[in-house]
Amino acid sequence: MRWLRENWLDFLIFLLIALVAAGVVLYLTGVNPFARPRPEGVAPPPAPSVPAAPAPSEPASPNPPSEAPAPEPVVTVLPLPQAPREAPTPPEPQKPTQEAPRPAPPQASPTGAYRVVVGAFADPKNATRLAQELSAQGYPVRLEAAGALTRVAVGPYASEAEAARVAQALQAYGARVYRGQGPLPPQGGVYLQVGAFQKEENALALAEKLKGEGLPVTLVRDGLYRVRVGPVAEGEKEGYLNRLRALGLEPVEVR
């Protein structure tokens, strides 16, 4: 009893746990210890009957079965006549535009004294390029020496009025009319001609060579391409002659 007095709380907890475990076992097995014993020969009460659900009735037909449905009226849809399509109007053939013929430049006069200068260049190649452009347009072009420059001139023309009309047509080049057979070197100066060629490329090649030597070169075209050095003053002429001869050239003095 002494143990019970000292450990009564543990005992009580153990007893509660045992009761709970026994109740769980009885619940799982379906045993009711508090139910009354059923007398022998007495049948258990019948289970309550559940009323059967009524079968769904078919919906009443709106028409009696003896009457057939009235046939629907047949509607015939007639297609509407389409408006006739207009045939596309073929485009009118375009007439080729004809450019107005360019008036031919006035022809040069062999006895004329008026020319039109359209440019002067330090590089003979630029002068030649402009001369070719004007020649392609039908102008009679001439390259002339003008100091250390190569001048591009058109003509000659017999009258000043004719030369003025050409200058007006070439006003985009800054053309102006002058009179004379050709430019004269400065007073006391001369040109030293070192070559005359039928082919332009040969004349340009020689001109480039002389320019590379530091010589003042001009190019003149009057049927031939003439390469000239100058203008050279009388006091410097001998020195230029020696330089040109040292290059294997035979200069000719031209005034």
Side-chain angles (χ1 to χ4, degrees), residues 1-102 118-137 152 169-174 200-201 204-205 207-209 211-214:
M1 297 299 291
R2 180 181 177 182
W3 177 88
L4 185 61
R5 286 196 304 271
E6 295 178 353
N7 301 291
W8 65 271
L9 183 60
D10 295 339
F11 178 75
L12 182 60
I13 293 173
F14 174 77
L15 184 60
L16 290 174
I17 293 175
L19 290 175
V20 171
V24 171
V25 171
L26 292 175
Y27 176 77
L28 295 176
T29 55
V31 178
N32 187 3
F34 303 102
R36 293 182 178 181
R38 184 180 302 168
E40 297 181 359
V42 178
S49 60
V50 179
S57 59
E58 296 182 359
S61 175
N63 298 326
S66 60
E67 296 180 2
E72 296 182 358
V74 179
V75 178
T76 303
V77 179
L78 298 178
L80 296 176
Q82 297 183 356
R85 296 182 179 180
E86 296 182 358
T89 305
E92 297 181 358
Q94 298 181 355
K95 297 180 180 180
T97 57
Q98 296 181 356
E99 296 183 356
R102 176 182 292 179
V118 292
F121 303 90
D123 189 349
K125 283 187 176 179
N126 296 333
T128 303
R129 189 177 300 115
L130 178 57
Q132 290 175 345
E133 180 180 344
L134 295 175
S135 295
Q137 299 179 24
V152 181
L170 299 176
Q171 61 180 351
Y173 299 92
E200 177 187 353
E201 56 268 20
L204 290 175
E208 287 295 323
K209 179 181 177 181
K211 287 185 65 176
E213 297 291 335

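No hydrogens, no waters, no symmetry mates; every other heavy atom, side chains included, goes into these values.
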Sort and list the pairs that fulfil salt bridge (charged side-chain N to carboxylate O under 4.0 Å, His left out) and have at least one residue in residues 124-133, not counting sequence neighbours.
none

Less than 4.5 Å apart, any side-chain heavy atom of Leu130 and any of Asn126?
no

Taking all atoms of both residues into account, what is the closest heavy-atom pair of Ala122 and Lys211, and its distance?
O-NZ, 3.8 Å

Please name the residue in the list Ile13, Val20, Leu19, Leu15 that meets the side-chain contact (heavy atoms from CB on, under 4.5 Å) test with Ile17.
Ile13

